[in-house]
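Since we're looking at a predicted model, the values are computed, not measured.
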Amino acid sequence: MHIFYHEQTKTFHLCNEEISYITTVLPNGQMGQLYFGKRIHDREDFSHFLELSSRPMSSWTFDEDKFFSLEHIRQEYGLYGTGDFRHPAVEILQKNGSRISDFIYESHDILTGKPPLPGLPATYTEAPGEAMTCILHLTDPLTQIGLDLFYTIFAKGGILARSARFVNRGSDSVWLCRAMSLCLDLPDSTYEWLQFSGAWSRERHLKIRRLEQGITAVDSLRGHSSHNHNPFIILKRPTADETQGEVIGFSLVYSGNFLAQAQVDTYNTTRILLGIHPSGFSWKLEPGDAFQTPEAVMVYSDRGLGHMSRTFQGLYQKRLARGYWRDRERPILINNWEATYFDFTQDALLSLAKKAKDCGVELFVLDDGWFGRRTNEHTGLGDWTPNLHRLPEGITGLARQIEALGMKFGLWFEPEMVNRDSDLYRAHPDWLLQTPGRHSSHGRFQYVLDFSRPEVVDHIYDKMWKILDEAPVSYIKWDMNRSITECGCAALPADRQGEVFHRYILGVYSLYERLTRAFPQVLFESCASGGGRFDPGLLYYAPQGWTSDDSDAIERLKIQYGTSFCYPVSSIGSHVSVTPNHQVFRITPLHTRANVAYFGTFGYELDLNQLTESEQDAVKAQISFMKTYRRLIQFGHFYRLSSPFEGNVTAWMCVSEDKKQAIVGWYRVLNEVNAPYSRIRLQGLDPDLYYHISGTFTGKPTACYGDELMYAGLSTSDTTAGELPGGEPPCCDFDSRIYLLKAD
């Protein structure tokens, strides 16, 4: 890992064993992008990477020079209006109405390690030698606005973290109208674009298209990262796949409105922009004020999508998630929501908890309905005091009884929301996000509290702190069940209303930070009506997230497969729920529901008392299995083997660090008749180790060398291919198997 600065050519070269990133000071003083990709040798002069030409209709920067045109030069932080006609990384509205900027290189700093981003989640380092950071200091000479561009290269992996910071050193106020975290100009457009899109209960489905001239983009204007599009995209070469080829992943460590965009100009140059969505955004910078953008993370791989994903997973698991639970196996839980919804009593909860304890569950979670006058969606939200009619001994008494059974206790909150039928709203109607004179829309009969105001965050913190201080609560499910509409803040003047969306997210981060510091051993799980805020920003505070409200195992194949492209298995909240499933009404075998849920945090969303004795025995076996193998599953290396977006069979696997153990999950949606023999090629094994294979598949245990399993494949043939020797039982729709591999 090195950051070279060549004074003679004013060129910066950031590199490690996998990547090189090269930028230079252009003749006009701005920063130019020369190279990003596989590691190349360092040299004093990379000016041959700067291509110049004279084209008709171009605008040229220098008198008497018809070759230097910003329209055709790759730039570090593109600026519209002085010759570059592509979408810019920054727009600053100035006193005279101009939005033209000209950021000129002044100096730089090269640091060991990685500085934090105040008030924002970001990747971090813990030991010397893990990373180096280069900060380029630029200034607009006319406005005296300073721009610091941050680049952190990690010692291992093709990782580069980027962000930008603006400082108003001038005498006039200005407004940031666009401030992207990352701008990257690539020399060609021969890429496929991968995005992860959907809606409630079908989040993060993989979508692929070719880049073409024009704009390709995903975004959110919902006030949160959203179920609809994840703040994560991939560019890959058309020939790249899971195991080979050139891939670049782009991830935004942020939970609010975002834009991820690729612009291909008519010369086939590609500009990537990633950051806060500029629509509806403006930030007033008074003289002396500063603004820091969220962090964007780029990962380059020349070994395919799988290597890129494992790089992101390792980084986000170990150097984005933090705290007590970062490296610990997740407790197996049961949540009462789909078992009872709002219809519960303390006795009913204890009955469910006792049965869960008998089955081996470690954590009992009480969901919505425990507070205020909350018996339905219409009332009580925001009144965070226990309902003593339902819980005579309050949360403290219930939690102690749960602990007396030998389990930990968890609790649901939705701290950002309020019902109009609540004591909180009656006391503070001005605490809503709302626009004066405009109708306020509701979602789920609730409204959004104005977390851009510190006094609102303080109030919610005090209420949550009191409960957590008094009761033995070990886990918090933090929900958020609607998007933001009619966004406005009564406490801010008109010229600062464009700040509200971002200030809101900063308020959410502030509350998370205060609570996680006050209660460091509480496990926080983020939730937003399921997967509406499953993003890297919240992973910094909550090491796991409820991946989707859709708990159907077959639907979860696509959701968890798509999620795995960026996020670690330890972050994926995944539970076994009842059948018929409450989202899609599908009847799925109990073993398949567990076989899918294993590849995540694992838990249950059903009334165990309603299961048959044989089903309860199966649950006990599932829990025992997960306790035995959860460290391997949650912290092993994850490999995607067969995509649910491409066929009837999905497969994935986890491999231990020493490659001596592996677990394969195999899933078939619909049964087949007289089908071909089938094999699946495994990945990540040691070719020289001899693996004993057992598990839930039909047939006798076998043993194979790692090279056989990776290059010839693991046989998955069953009775769909005809009657097999051994008399295996027939298969069914929605079938699945787990294969265990253990080396000598």
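- Partners of Gln434 by side-chain contact (heavy atoms from CB on, under 4.5 Å), not counting sequence neighbours, listed by chain and number: Leu432, Ser440.
- Judged by distance alone, the side chains of Gln560 and Thr547 never bring a donor and an acceptor atom under 3.5 Å apart.
- The main-chain N or O of Ile559 is found under 3.5 Å from a side-chain atom of Thr563 such that the two form a donor-acceptor pair.
- Gln544 and Arg330 form a side-chain donor-acceptor contact under 3.5 Å, judged by distance and modelled atom types alone.
- Contact of the Pro294 side chain with the Leu252 side chain is registered, since non-hydrogen atoms from C-beta on lie closer than 4.5 Å.
- Between the side chain of Ser571 and the main chain of Pro543, no donor-acceptor pair closer than 3.5 Å is present.
- Counting heavy atoms from C-beta outward, Thr11 and Phe49 have side chains that stay 4.5 Å or more apart.
- Sorted by first and then second residue, the pairs that involve residues 113-125 and meet salt bridge (charged side-chain N to carboxylate O under 4.0 Å, His left out), not counting sequence neighbours, are Lys114-Glu295.
- When all heavy atoms are compared, the tightest approach of Gln317 to Ser570 is NE2-OG, 2.9 Å.
- Not counting sequence neighbours, the partners of Trp283 by the ring-ring contact (aromatic ring centres under 6.0 Å, His included) test are Phe291, His502.
- Judged purely by atom type and a 3.5 angstrom limit, Thr24 uses its side chain to pair as donor or acceptor with the backbone of Lys10.
- By the ring-ring contact (aromatic ring centres under 6.0 Å, His included) test, Trp384 pairs with Trp370, Phe371, Phe413, sequence neighbours left out.
- A distance below 6.0 Å separates the ring centres of Phe46 and His13.
- Residues Asn28 and Thr82 form no side-chain contact, since every pair of their non-hydrogen atoms from C-beta on lies 4.5 Å or further apart.
- Contact record, Cys183 with Ala89: CB-CB, 3.9 Å, taken as the closest heavy-atom pair.
- Residue pairs satisfying the salt bridge (charged side-chain N to carboxylate O under 4.0 Å, His left out) criterion with at least one member in residues 271-282, sequence neighbours excluded, are listed as follows: Asp84-Arg271, Asp185-Arg271.
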Tabulate below the donor-acceptor pairs under 3.5 Å that side-chain atoms of residues 493-500 make, not counting sequence neighbours, or state none.
residue: Asp495; atom: OD2; partner: Lys284; partner atom: NZ; Å: 2.7
residue: Arg496; atom: NH1; partner: Lys284; partner atom: O; Å: 3.4
residue: Arg496; atom: NH1; partner: Glu499; partner atom: OE1; Å: 3.2
residue: Arg496; atom: NH1; partner: Glu499; partner atom: OE2; Å: 2.7
residue: Gln497; atom: OE1; partner: Cys489; partner atom: N; Å: 3.0
residue: Gln497; atom: NE2; partner: Cys489; partner atom: O; Å: 3.0
residue: Gln497; atom: NE2; partner: Leu492; partner atom: O; Å: 2.8
residue: Gln497; atom: NE2; partner: Pro493; partner atom: O; Å: 3.4
residue: Glu499; atom: OE1; partner: Arg503; partner atom: NE; Å: 2.8
residue: Glu499; atom: OE1; partner: Arg503; partner atom: NH2; Å: 2.8
residue: Glu499; atom: OE2; partner: Lys284; partner atom: N; Å: 2.9

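- Contact check for Tyr77 versus Leu138: no side-chain heavy atoms found under the 4.5 Å cut-off.
- Applying the salt bridge (charged side-chain N to carboxylate O under 4.0 Å, His left out) test to residues at least two apart or on different chains, the pairs with a partner in residues 138-159 are Asp148-Arg165.
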For Tyr541 and Ser526, run side chain to side chain contact (heavy atoms under 4.5 Å, CB included): C-alpha distance rounded to whole Å, both residues' side-chain angles, the deciding distance at 0.1 Å, then the answer.
CA-CA 9 Å; Tyr541 306 98; Ser526 62; over 6 Å; no
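- Annotation for Ile153 and Leu14: closest pair CD1-C, 3.7 Å, computed over non-hydrogen atoms.
- Remark: side-chain polar atoms of Tyr300 are not paired, donor with acceptor, to backbone N or O of Ser20 under 3.5 angstrom.
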Stepwise, does the salt bridge (Lys or Arg N to Asp or Glu O under 4.0 Å) test hold for Glu18 with Arg303?
CA-CA 10 Å; Glu18 295 195 29; Arg303 287 177 276 172; 3.4 Å; yes
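- In this structure a side-chain-to-backbone donor-acceptor pair under 3.5 Å is present from Trp325 to Gln521.
- Thr435 places a side-chain N or O within donor-acceptor distance of the main-chain N or O of Glu486, the cut-off being under 3.5 Å.
- Residue pairs satisfying the ring pair (Phe, Tyr, Trp, His ring centres under 6.0 Å) criterion with at least one member in residues 107-165, sequence neighbours excluded, are listed as follows: Tyr5-His108, Phe12-His108, Tyr21-Tyr151.
- Looking at Asn16 and Arg39, their side chains never come closer than 4.5 Å, going by heavy atoms from C-beta outward.
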Worked verdict on Ser163 versus Ser181 for side-chain hydrogen bond (donor to acceptor under 3.5 Å, both in side chains):
CA-CA 5 Å; Ser163 67; Ser181 298; over 6 Å; no
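- Between the side chain of Gln261 and the backbone N or O of Ile215, no donor-acceptor pair lies under 3.5 Å.
- Ring orientation note: the planes of Trp465 and Phe519 are tilted relative to one another, at an angle of 30° to 60°.
- A distance of 8.5 Å separates CD in Glu414 from SG in Cys527, rounded to the nearest 0.5 Å.
- Under the 4.5 Å side-chain criterion, counting only non-hydrogen atoms from C-beta, Pro415 is in contact with Met464.
- Asp479 places a side-chain N or O within 3.5 Å of a backbone atom of Ser529 that can act as its donor or acceptor partner.
- Around OH of Tyr80, the count of heavy atoms belonging to other residues, nucleotides or ligands within 6.0 Å does not exceed 12.
- Residues satisfying the ring-ring contact (aromatic ring centres under 6.0 Å, His included) criterion with His6, sequence neighbours excluded, are absent altogether.
- Residues Glu106 and Thr139 have side chains that bring a donor and an acceptor to within less than 3.5 angstrom of each other.
- At distances below 3.5 Å, at least one donor-acceptor pair connects side-chain atoms of Arg178 with backbone N or O atoms of Pro88.
- Classified by interplanar angle (parallel below 30°, tilted 30° to 60°, perpendicular above 60°), the ring pair Phe312/Phe232 is perpendicular.
- At least one donor-acceptor pair under 3.5 Å links the side chain of Gln94 to the backbone N or O of Ile100.
- Atom CG of Leu433 and atom CG of Leu449 lie 8.0 Å apart (nearest 0.5 Å).
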Per-pair distances, 0.1 Å, donor-acceptor, side chain in residues 532-539, under 3.5 Å, sequence neighbours excluded:
residue: Arg533; atom: NH1; partner: Glu416; partner atom: OE1; Å: 3.0
residue: Arg533; atom: NH2; partner: Glu416; partner atom: OE2; Å: 2.6
residue: Asp535; atom: OD1; partner: Ser255; partner atom: OG; Å: 2.8
residue: Asp535; atom: OD1; partner: Gly537; partner atom: N; Å: 3.0
residue: Asp535; atom: OD1; partner: Leu538; partner atom: N; Å: 3.0
residue: Asp535; atom: OD2; partner: Ser225; partner atom: OG; Å: 2.6
residue: Asp535; atom: OD2; partner: Ser255; partner atom: OG; Å: 3.4

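- For Glu17, there are no side-chain hydrogen bond (donor to acceptor under 3.5 Å, both in side chains) partners, not counting sequence neighbours.
- Counting all heavy atoms, side chain and backbone alike, Gly158 lies closest to Thr311 at N-CG2, 4.3 Å.
- Val297 has its side chain within reach of Ile159: a pair of non-hydrogen atoms, C-beta onward, lies under 4.5 Å apart.
- Pairs engaging residues 506-525 under the salt bridge (charged side-chain N to carboxylate O under 4.0 Å, His left out) rule: Arg322-Glu513, Asp458-Arg514, Glu513-Arg517 [sequence neighbours left out].
- Look at Glu76 and Arg162 and you find a salt bridge, because one of the NZ, NE, NH1 or NH2 atoms lies within 4.0 Å of a carboxylate O, short of that distance.
- Put simply, the side chain of Trp478 reaches to within 4.5 Å of the side chain of Leu511, judged on heavy atoms.
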